[in-house]
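Have a look at the structure below, then the notes.
We count residues from 1, following the sequence as given.
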Amino acid sequence: MPIAKHLAQVSLVLALLPVAAGCAPATPVAQPTTAPAADVKKTYADMVLCYPQLGAESDWRTANTASIKETAEQLGIKQLVFSDAQQKQENQIAAVRACIQQSVSVIALPPVVEDGWDAVLTEAKNAGIPVIIVDRSVSSDPSLYASHIGSDMVLEGQRAAAEMNKLLPEGGAILELSGTTGSGAAVGRAEGFRADLNANITILDSQTGNFTRAEAKPVMEAFLKKYEGQFQGIFVHNDDMAIGAIEAIKAAGIQPGELKIVSVDGTRGGFQAMADGWIQADVECNPLLGPQVFEMALKLMNGEPIEKSVLTNETVYYPDDALELLPTRQY
Ligand code: GYE
């Protein structure tokens, strides 16, 4: 570009600046030495983050909520708009809509189930508010959200199957206590588990305990009546349900280790049950997603590039690890 024309454009921009900033001074001001307001990078102090939490159904969820709240506090964001949908999708959708109304900077959504998000995600997109899907997945087209941060639930199911295969080398029959029906966590874990379970292990039955202790216990009681003496193992989709199931198993007079239990999460409760001999392997699912969520939210506010999918790095824990890690376990 010719220098004269370039200079003319620069001075035009500078002349417009005070007007754009909403304060036209009577006399010309000195030329700004810093970048004009529109180019100033947003900071955490500008961030209003909406976190419509799906519920408080498990220790995993409690730790996830704490991670979000603590990180918001540490980073000093302007406002965290937090709500608890009590495991009801309609409550979550209403909370997302309220956040759109409030023109929050970013919405980070941990969806209770996979389906049924198209309408509200489209509304957020049309309002120019980026959405990060956190923890569980959605079945919506990826163009409707910015990114997904969370665990690979299918891989968790595969890891659980590998443990059950080791625990029942001669094969056998097992039961499954599944998570919330239609949730990405339950769907993925069930799929991965079936993909890698040895052919000589049969899943006799699968029922949901909705990821809670209270709902898992009666399901286990019914299982124990119906399949008495017919199964050797149980795959449980989270530690809270495992703890509920163990109460029923104990009450039935069964000793630790008689039934092989593989669980998911790696919470303190799960570790304690491993230390006590009830759970033989616990597939980790990390709830401490706060730091990653806020870092990505800030990038989105500044129009910086982000990954479309960020997977959490996880492992499998055994009773020996539990004894060692219990004293320092955070959640
Ligand atoms: O495993 C369970 C919680 O979505 C990964 O939800 C999460 C699951 C977790 O209730 O404990």
Side-chain angles (χ1 to χ4, degrees), residues 13-14 16-23 32-54 63-85 92-112 117-138 140-151 184 286-313:
V13 169
L14 290 176
L16 287 173
L17 260 181
V19 179
C23 53
T33 49
T34 52
D39 288 352
V40 169
K41 268 200 166 192
K42 300 256 177 42
T43 70
Y44 286 116
D46 302 308
M47 183 186 289
V48 178
L49 187 119
C50 170
Y51 202 74
Q53 180 60 287
L54 69 87
N64 178 253
T65 293
S67 173
I68 294 292
K69 289 187 174 171
E70 279 161 18
T71 312
E73 184 92 32
Q74 278 160 15
L75 297 173
I77 75 163
K78 187 169 172 189
Q79 193 192 349
L80 173 67
V81 185
F82 182 89
S83 49
D84 175 348
Q92 269 196 305
I93 291 175
V96 172
R97 291 211 164 110
C99 285
I100 296 172
Q101 280 292 314
Q102 200 189 320
S103 296
V104 299
S105 328
V106 176
I107 297 168
L109 170 68
V112 61
W117 296 102
D118 288 7
V120 77
L121 288 179
T122 305
E123 289 164 35
K125 192 174 181 186
N126 291 342
I129 301 173
V131 177
I132 306 171
I133 304 296
V134 181
D135 159 30
R136 303 177 186 174
S137 49
V138 291
S140 301
D141 191 87
S143 64
L144 291 180
Y145 55 89
S147 179
H148 174 235
I149 299 178
S151 306
N286 190 346
L288 307 180
L289 304 176
Q292 284 163 290
V293 167
F294 287 95
E295 195 190 329
M296 183 179 284
L298 189 62
K299 284 189 178 160
L300 286 166
M301 285 169 69
N302 283 314
E304 289 169 22
I306 47 134
E307 301 283 331
K308 191 82 200 182
S309 166
V310 179
L311 289 178
T312 317
N313 213 353

request  = Considering non-hydrogen atoms only, spot the tightest contact between P130 and A146 and give its length.
outcome  = CB-CB, 4.4 Å
request  = Return yes when atom CG of N313 has more than 12 non-hydrogen atoms of other residues, nucleotides or ligands closer than 6.0 Å, and no otherwise.
outcome  = no
message = For I132, is there any backbone N or O sitting under 3.5 Å from a side-chain donor or acceptor partner on S147?
response = no
inquiry  = Given 3.5 Å as the limit, does a donor-acceptor pair link the side chain of Q92 with the main chain of V112, or not?
reply    = yes
task = Inspect the surroundings of CD in Q101 and state if more than 12 heavy atoms from other residues, nucleotides or ligands are less than 6.0 Å away.
result = no
request  = Apply the side-chain contact (heavy atoms from CB on, under 4.5 Å) test between P52 and each candidate in V81, L109, D84, I93; give the one that qualifies.
outcome  = L109
request  = Report yes if the side chains of Y51 and N64 come closer than 4.5 Å at any heavy-atom pair, otherwise no.
outcome  = yes
message = On a heavy-atom basis, which atom in Q292 and which in I149 lie closest, and how many Å separate them?
response = O-CD1, 3.7 Å
ask   = Would M47 and L75 satisfy side chain to side chain contact (heavy atoms under 4.5 Å, CB included), going step by step from the backbone distance to the final call?
value = CA-CA 10 Å; M47 183 186 289; L75 297 173; over 6 Å; no
query = Counting distance only, does the side-chain N/O of S105 pair as donor-acceptor with the main-chain N or O of L49 below 3.5 Å?
reply = no
key: Q53 and I68, any side-chain heavy atoms less than 4.5 Å apart   = no
ask   = Between CD of Q102 and CD1 of I107, what distance do you get to the nearest 0.5 Å?
value = 10.0 Å
With D135, the side-chain contact (heavy atoms from CB on, under 4.5 Å) member among L289, V293, T312 = L289
ask   = Any side-chain heavy-atom pair from M296 and V106 closer than 4.5 angstrom?
value = no
query = What's the spacing between Y44 OH and M301 CE if we round to 0.5 Å?
reply = 9.5 Å
ask   = Hey, does V120 have a side-chain heavy atom less than 4.5 Å from the side chain of V131?
value = no
ask   = Given E307 and K299, is the salt bridge (Lys or Arg N to Asp or Glu O under 4.0 Å) satisfied, shown in steps?
value = CA-CA 11 Å; E307 301 283 331; K299 284 189 178 160; over 6 Å; no
key: Nearest atoms (heavy-atom pairs only) where D118 meets S140   = OD1-OG, 2.7 Å
key: Any donor-acceptor pair under 3.5 Å from D141 side chain to S143 backbone   = yes
inquiry  = For L144 and W117: C-alpha separation, side-chain torsions, deciding distance, then whether side chain to side chain contact (heavy atoms under 4.5 Å, CB included) applies.
reply    = CA-CA 9 Å; L144 291 180; W117 296 102; over 6 Å; no
inquiry  = Using modelled atom types and a 3.5 Å cut-off, is there a donor and acceptor pairing between side-chain atoms of D46 and backbone atoms of T43?
reply    = yes
task = Output yes when a side-chain donor or acceptor of S67 lies under 3.5 Å from a complementary backbone atom of A63, and no otherwise.
result = no
message = Ring of Y145, cation from K308 - is the NZ or CZ under 6.0 Å from the centre and inside 45° of the axis?
response = yes
remark   = Here the pair of heavy atoms bringing I129 nearest to S103 is CD1-CA, 4.1 Å
ask   = Between N126 and I100, does a side chain to side chain contact (heavy atoms under 4.5 Å, CB included) hold up when you go through it step by step?
value = CA-CA 10 Å; N126 291 342; I100 296 172; over 6 Å; no
note = For S151 and L311, the nearest pair of non-hydrogen atoms, with its separation, is C-CD2, 4.1 Å
query = Would the number of heavy atoms belonging to other residues, nucleotides or ligands and lying under 6.0 Å from CD of Q79 be above 12?
reply = yes
